[in-house]
Amino acid sequence: MRALVQRVSRASVTVDDRLVGAIGPGLLVLLGISREDDAAAADRLADRVRALRVFDDAEGRMNEALGEREILCVSQFTLYGETRRGNRPSFAAAAPAAQAEPLYVRFCARARAQRGVFGARMAVELLNDGPVTLLLEV
């Protein structure tokens, strides 16, 4: 399981011109799920995301955890795109929807995250703060 985590001042996701999720300061998580992932991986990764110390403390150092800030999570199977050969990515490592969707829902519940619409074409807007962008894997 992979999470591309971005510290944001704000973020939102829209589907068919309808706002489905929006946050103020917090984390935008793009979540990729592989064929090998399971519920334990979703729980571990959600806990890691919530515990990340990527916000400025009183001294201006990146040392503070999420706290009361928000998370917006968007499913992103393309994080498992293989691009070593050719020009067209292969997504063979990405979990099929029937496996991935329950793990996405579980991750979001455990992380207490707002979410996009699984499998939908989404418009994601964000104002990256820092910028701070990290790739987490379990």
Side-chain angles (χ1 to χ4, degrees):
M1 193 169 286
R2 292 178 179 158
L4 185 67
V5 180
Q6 296 179 305
R7 185 176 74 184
V8 298
S9 297
R10 67 176 181 271
S12 64
V13 63
T14 304
V15 176
D16 295 329
D17 294 322
R18 183 177 58 92
L19 183 67
V20 296
I23 63 168
L27 299 173
L28 172 66
V29 177
L30 305 177
L31 186 69
I33 300 167
S34 78
R35 293 178 178 276
E36 290 81 37
D37 291 325
D38 58 15
D43 291 349
R44 277 194 316 275
L45 190 56
D47 292 347
R48 284 186 67 198
V49 167
R50 288 207 61 85
L52 275 177
R53 293 176 10 186
V54 296
F55 296 93
D56 292 345
D57 63 14
E59 297 174 9
R61 285 188 272 165
M62 214 167 36
N63 194 34
E64 193 173 296
L66 185 67
E68 297 301 313
R69 297 174 192 90
E70 301 174 285
I71 297 174
L72 175 60
C73 184
V74 175
S75 60
Q76 187 78 40
F77 77 93
T78 60
L79 286 176
Y80 278 97
E82 175 58 52
T83 58
R84 287 183 221 175
R85 294 187 309 196
N87 294 320
R88 184 177 185 281
S90 167
F91 300 106
Q99 175 191 358
E101 187 171 12
L103 294 175
Y104 169 68
V105 169
R106 183 182 183 105
F107 174 93
C108 291
R110 179 113 177 185
R112 297 189 303 276
Q114 290 189 44
R115 59 187 204 229
V117 176
F118 185 89
R121 185 173 194 108
M122 294 173 272
V124 180
E125 293 187 51
L126 68 131
L127 181 57
N128 198 315
D129 178 21
V132 173
T133 303
L134 301 167
L135 179 63
L136 302 180
E137 294 185 88
V138 294

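- Every residue two or more places apart in sequence or in another chain that forms a side chain to side chain contact (heavy atoms under 4.5 Å, CB included) with Glu125 is listed here: Ser12.
- Within the 4.5 Å cutoff, the side chain of Ile23 has no heavy atoms near those of the Ile71 side chain.
- With sequence neighbours left out, Asp38 forms a salt bridge (Lys or Arg N to Asp or Glu O under 4.0 Å) with no residue at all.
- Checking side-chain atoms of Asp57 against main-chain N and O of Glu59 turns up a donor-acceptor pair under 3.5 Å.
- Note on Leu134 and Ile33: same hydrophobic cluster, where clusters join Ile, Leu, Val, Met, Phe, Trp and Tyr whose side-chain heavy atoms are under 4.5 Å apart, directly or indirectly.
- Listed by chain and residue number, nothing satisfies the side-chain hydrogen bond (donor to acceptor under 3.5 Å, both in side chains) test with Ser90 (two or more places apart in sequence, or in another chain).
- If you take CG on Leu45 and CZ on Phe107, they are separated by 5.0 Å, rounding to the nearest 0.5 Å.
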N/O donor-acceptor pairs under 3.5 Å from side chains in residues 111-124, not counting sequence neighbours:
from, atom 1, to, atom 2, distance (Å)
Gln114, OE1, Ala22, N, 3.1
Gln114, NE2, Ala22, O, 2.8

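- With Val74 as reference, Leu30 is the one residue of Val20, Val29, Leu30 to meet the side-chain contact (heavy atoms from CB on, under 4.5 Å) rule.
- Counting only heavy atoms from C-beta outward, the side chains of Val132 and Met62 approach each other to under 4.5 Å.
- Contact check for Val5 versus Val54: no side-chain heavy atoms found under the 4.5 Å cut-off.
- Contact detail for Glu137 and Arg48: the closest heavy-atom pair is O-NH1, 2.9 Å.
- Contacts of Arg84 classified as salt bridge (Lys or Arg N to Asp or Glu O under 4.0 Å), with partners at least two apart in sequence or in another chain: Glu82.
- Between Leu127 and Val8, every side-chain heavy-atom pair lies at or beyond the 4.5 Å cut-off.
- For the ring-ring contact (aromatic ring centres under 6.0 Å, His included) condition, no pair includes a residue of residues 15-50, sequence neighbours left out.
- Remark: Glu36 engages Ser34 in a side chain to side chain contact (heavy atoms under 4.5 Å, CB included) (not counting sequence neighbours).
- Following chains of ILVMFWY side-chain contacts shorter than 4.5 Å, one can reach Leu126 starting from Leu79, so the two form part of one hydrophobic cluster.
- Side chain of Asp37 to backbone of Met1: a donor-acceptor contact under 3.5 angstrom is found.
- Contacts of Pro131 classified as side chain to side chain contact (heavy atoms under 4.5 Å, CB included), with partners at least two apart in sequence or in another chain: Asn128.
- The shortest non-hydrogen separation linking Val138 to Ala41 is CG2-O, 3.6 Å.
- Listed by chain and number, the residues in a side-chain hydrogen bond (donor to acceptor under 3.5 Å, both in side chains) with Arg106 are Asp43 (sequence neighbours excluded).
- The structure places CG of Leu103 at 9.0 Å from CG of Leu31, a figure rounded to the nearest 0.5 Å.
- Residues satisfying the side-chain hydrogen bond (donor to acceptor under 3.5 Å, both in side chains) test with Glu64, not counting sequence neighbours, are Arg69.
- Residue Arg10 qualifies as open at atom CZ: its count of foreign heavy atoms under 6.0 Å is 12 or below.
- Judged by distance alone, the side chain of Tyr80 and the main-chain N or O of Arg35 form no donor-acceptor pair under 3.5 Å.
- Shown here are the side chain to side chain contact (heavy atoms under 4.5 Å, CB included) partners of Pro89, two or more places apart in sequence or in another chain: Thr83, Phe91.
- Using a distance-only test at 3.5 Å, with no hydrogens or angles considered, no donor-acceptor pair links the side chain of Gln6 to the main chain of Leu28.
- Shown here are the salt bridge (Lys or Arg N to Asp or Glu O under 4.0 Å) partners of Asp129, two or more places apart in sequence or in another chain: Arg7.
- Remark: Leu27 CG to Leu4 CG distance equals 11.0 Å, nearest 0.5 Å.
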